[in-house]
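Each residue takes its place number in the sequence, starting with 1. When reading the values below, keep in mind they use all heavy atoms of this one structure, side chains included, and skip hydrogens, waters and symmetry mates.
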Amino acid sequence: MTDYEAIDFSPLQKLAEGEVITHSLVQDIRLASGKTLALITLDNGRDHTRPNTLGPATLIELGETLAQLRARAASGEIDAVAITGKQYILAAGADLSDITKLGSKDNARLIAQLGHKVLGMLGDLGVPSFAFVNGLALGGGLEIALNSTYRTVDASAAAIALPEVFLGIIPGWGGAYLLPNLIGIENALEVVISNPLKQNRMLKPQQAFDLGIMDAIFPAANYLEDSLRWADSVITGKTKVERKNEPGKMERLTKWPIAIKMARGMLESKIGTMPRSPYVALDLLDKARSGTKAEGFAREDEALAELVTGDQFAASMYAFDLVQKRAKRPVGAPDKELAKKVTKVGVIGAGLMASQFALLFLRRLEVPVLITDIDQERVDKGIAYIHDEIAKLHSKGRLDSDGANRLRGLLHGTVDKNDYADCDFVIEAVFEEVGVKQQVFTEIEGIVGEDTVLATNTSSLSVEEIGRALKHPERLVGFHFFNPVAVMPLVEIVKTPVTNEQALSTAFVVAKTLRKNAVLTADAPGFVVNRLLAKVMGEAARAVYEGTPIVDVEKAFAPLGLPMGPFQLIDLVGWKVAAHVQDTMVRAFPERFYANDNFHALAELDRVVEKDKAGRVTGWTKAAEKTLRPAVGSAPVSAETILQRVQDGLAQEIRTMLDEGVVPEVEDIDLCLILGAGWPFIDGGASPYLDREGASERVFGDTFHNPPIRGIAHA
């Protein structure tokens, strides 16, 4: 058991220099019953754009405040303590920029222990404590509430979550012990592990209440008054708080170990075994079913100290900074004032991809959207798909009836291309062949206005070459979405040597309105994401054609930490598409990319690979084995050889892309891979990983980052 009172926290004082301190402001409130409640309001003195955070100085001040209140409670001056935040925000947890300055594992352990000491006091004041969650409550912010005796939540609070696993660490101030003992193991697994791994999903207030995290939920209009009235009724015994999800003895003996075992299997199938934080969190949740709170807190201290000083957390913080800052201020984007106002969008094509585009433009821009195709049957099929998707959004409550009807009314489908005449932005989603794209743009150019922006969704073709058929190629930009369109957050915006500023600015403004993150790239084969994924897939194909079993190849790529193996990815994007991309890359860079003519024969098959229930590739189909037989060699290679090939190949390609000016800096490549290929946060994208693995040194005698992005333990 840790004696927090005996610990010397003075080494943390240096870390507090420059901290934006969240102060603990106290006022006594006389309740209707005559009882006195001391209300702490956390406030850093900034507006809502700078959330309250919990750095060392903030925690020390809060600890001193709680100690004073504990003394007042002992003398009978107060009957309860409540803690809330400034408008819209309780707290956004620890200041992660400060955590990166810890300097040693001992300091990392100290910050964990300080959090436990201070927040733990909320449950040891001698009187009931209440957390009034009036807004954003993330990480340590939610742990403030969990350490309190009772919790209420504002129905309009922005988000509630324990996102630590997403960043390569664990809830380290009580969350991993207190939450499962409050809401049960299955619910805790969802909040602590599953949600962070689903693109950092947050809870809405109603969900937090339904799970049993919150004891009461009140509307925003009179939230504080309602919370005080409810607290008074709890203090006086008029309201008995029942927690239906609190685990009992049988759950701890039976359901708990089963849930942990199932969660472990799920993690292994979904993310492999490379990420550390989900498994550390899983072990903490498992052990939380028995033992004391003090023992649980001590386990969190050690786990947090270990993870915070590791490479995965350092890489995660690098990735987090890219997504939170660089993605919101795209490098090379022209002044938004140059953009053409978009009042109508045209989509060339009515297939699945085109229909996804149309739906996204409808939802986000809320302007008329036109789709066309070569015959009315295809147009009608596209319209029907979009209407069905709108109906699904309505049924899920994401659109009300008026909103759904409005979107349907904005959609128009026809075979008459003349309807493009008043479109401001036209994007094609036709067959991936230069001639086809040139043909449709040539036809449209004669119909649309002189300043209409034309956009191609090509995944790997030259945008400049597509534009050669146009009279005004300066209006053409690449606007490359990723599939599924509604989910994937990246758009690669491609600038040719002649693209004008208005077209480029319009593309960036449209991307932002679509709630996508845009990265500017030069017009190079495969742009960024597909160029590097083609390297991954090409090395996988090379190994197979040398004679390596497909399952062994999939396993060899596991250390990259990608969401799926290379052949699982190929099967998802389509074998014909993959074969086309490989051919494009080999034509452009024959000395660096691999392709095999036999791949096209595989692509003609109805089914190429066998997969298990989790979607993992388990082998070839019999038809694929027959097709492969004449082309496969008899010299299988080891997993180590395959991995080093792909590492070195990626390092070479990224270095070449930077030398060619495909993007301004390596950070843009990592951002593209994180947002467009699901490259894990724990790697920080490709370049920090390649530096750590020595591939950068092997290939070009240096590293992408100087110094390399490493954890405190390797500093």
S.K.: Quick one: do the T58 and E19 side chains pair a donor with an acceptor below 3.5 Å?
M.R.: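 T58 vs E19: donor-acceptor pair found between side chains.
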S.K.: What do the steps show when you test D283 against R264 for salt bridge (Lys or Arg N to Asp or Glu O under 4.0 Å), and what is the final call?
M.R.: CA-CA 10 Å; D283 288 341; R264 192 176 300 277; 3.0 Å; yes
S.K.: Is a donor on one side and an acceptor on the other found under 3.5 Å between the side chain of D232 and the backbone of A32?
M.R.: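 The answer is yes, because a donor-acceptor pair under 3.5 Å joins these two groups.
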S.K.: Would a distance-only check, ignoring hydrogens and angles, find a side-chain to backbone donor-acceptor pair under 3.5 Å from H394 to I390?
M.R.: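 Answer holds: no.
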S.K.: Closest heavy-atom contact between A518 and A511?
M.R.: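 Looking at all heavy atoms of both residues, the shortest contact is CB-CB, 3.9 Å.
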S.K.: Taking Q312 for its side chain and R276 for its backbone only, find out whether a donor-acceptor pair lies under 3.5 Å.
M.R.: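 At least one qualifying donor-acceptor pair exists.
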S.K.: Nearest heavy-atom pair of I170 and S277: which atoms, and what distance?
M.R.: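 The answer is CG2-O, 3.7 Å.
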S.K.: Report, as yes or no, whether the 6.0 Å neighbourhood of atom NZ on K328 holds more than 12 heavy atoms from other residues, nucleotides or ligands.
M.R.: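 Enclosed: over 12 neighbouring heavy atoms sit under 6.0 Å from NZ of K328.
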S.K.: For the pair H48 and Y88, name the ring-plane relationship: parallel under 30°, tilted 30 to 60°, perpendicular over 60°.
M.R.: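 Judged by the thresholds at 30° and 60°, the geometry between H48 and Y88 is perpendicular.
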S.K.: Is a donor on one side and an acceptor on the other found under 3.5 Å between the side chain of E251 and the backbone of I185?
M.R.: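 Indeed, once roles are kept as given, a pair shorter than 3.5 Å links the two residues.
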S.K.: Between the side chains of N134 and T84, is a donor N or O closer than 3.5 angstrom to an acceptor N or O?
M.R.: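 Present: a donor and an acceptor within the cut-off.
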S.K.: Do side-chain atoms of N181 reach the backbone of P247 as a donor and acceptor pair under 3.5 angstrom?
M.R.: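 Answer holds: no.
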S.K.: Would you please say whether a donor-acceptor pair under 3.5 Å links the side chains of S129 and T149?
M.R.: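 Per modelled atom types, S129 and T149 side chains form a pair under 3.5 Å.
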S.K.: Please check this pair: side chain of K516 against backbone of V485, looking for a donor-acceptor N/O pair closer than 3.5 Å.
M.R.: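 Yes, because the side chain of K516 sits within donor-acceptor range (under 3.5 Å) of the backbone of V485.
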S.K.: Do N517 and R326 get their side chains close enough for a donor-acceptor pair, meaning under 3.5 Å?
M.R.: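 No, no side-chain donor-acceptor contact under 3.5 Å.
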S.K.: Within a reach of under 6.0 Å around NZ of K512, are more than 12 heavy atoms found that belong to other residues, nucleotides or ligands?
M.R.: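 Open.
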S.K.: Looking at G139, is its backbone amide N or carbonyl O close enough to the side chain of W173 to form a donor-acceptor pair, meaning the two atoms are under 3.5 Å apart?
M.R.: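 Pair absent, no side-chain N/O of W173 close to backbone of G139.
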S.K.: Has Q324 got more than 12 heavy atoms of other residues, nucleotides or ligands less than 6.0 Å from its CD?
M.R.: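 Enclosed: over 12 neighbouring heavy atoms sit under 6.0 Å from CD of Q324.
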S.K.: Should we say atom CD of E242 is surrounded by more than 12 heavy atoms from elsewhere, each under 6.0 Å from it?
M.R.: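 No - once you tally the heavy atoms of other residues, nucleotides and ligands closer than 6.0 Å, there are 12 at most.
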S.K.: Take atom CZ in R398; do more than 12 heavy atoms of anything else shown fall under 6.0 Å from it?
M.R.: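 Open.
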S.K.: Verify, without hydrogens or angle tests, whether D43 (side chain) and L25 (backbone) share a donor-acceptor contact under 3.5 angstrom.
M.R.: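 Checked: no pair found.
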S.K.: Once salt bridge (Lys or Arg N to Asp or Glu O under 4.0 Å) is applied, do any residues pair with D106, and if so which ones, sequence neighbours excluded?
M.R.: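 Partners of D106 by the salt bridge (Lys or Arg N to Asp or Glu O under 4.0 Å) criterion, ordered by chain and then number, come out as R109.
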S.K.: So, the side chain of N147 versus the backbone of E143: is there a donor-acceptor pair under 3.5 Å, distance only?
M.R.: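 Checked: pair present.
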S.K.: Could you please spell out the steps behind the side chain to side chain donor-acceptor pair (under 3.5 Å) verdict for D210 and Q206?
M.R.: CA-CA 6 Å; D210 292 341; Q206 186 64 49; 3.0 Å; yes
S.K.: Consider only side-chain N and O atoms of Y223 and T152, and report whether a donor and an acceptor are under 3.5 Å apart.
M.R.: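 Yes - a donor-acceptor pair under 3.5 Å links their side chains.
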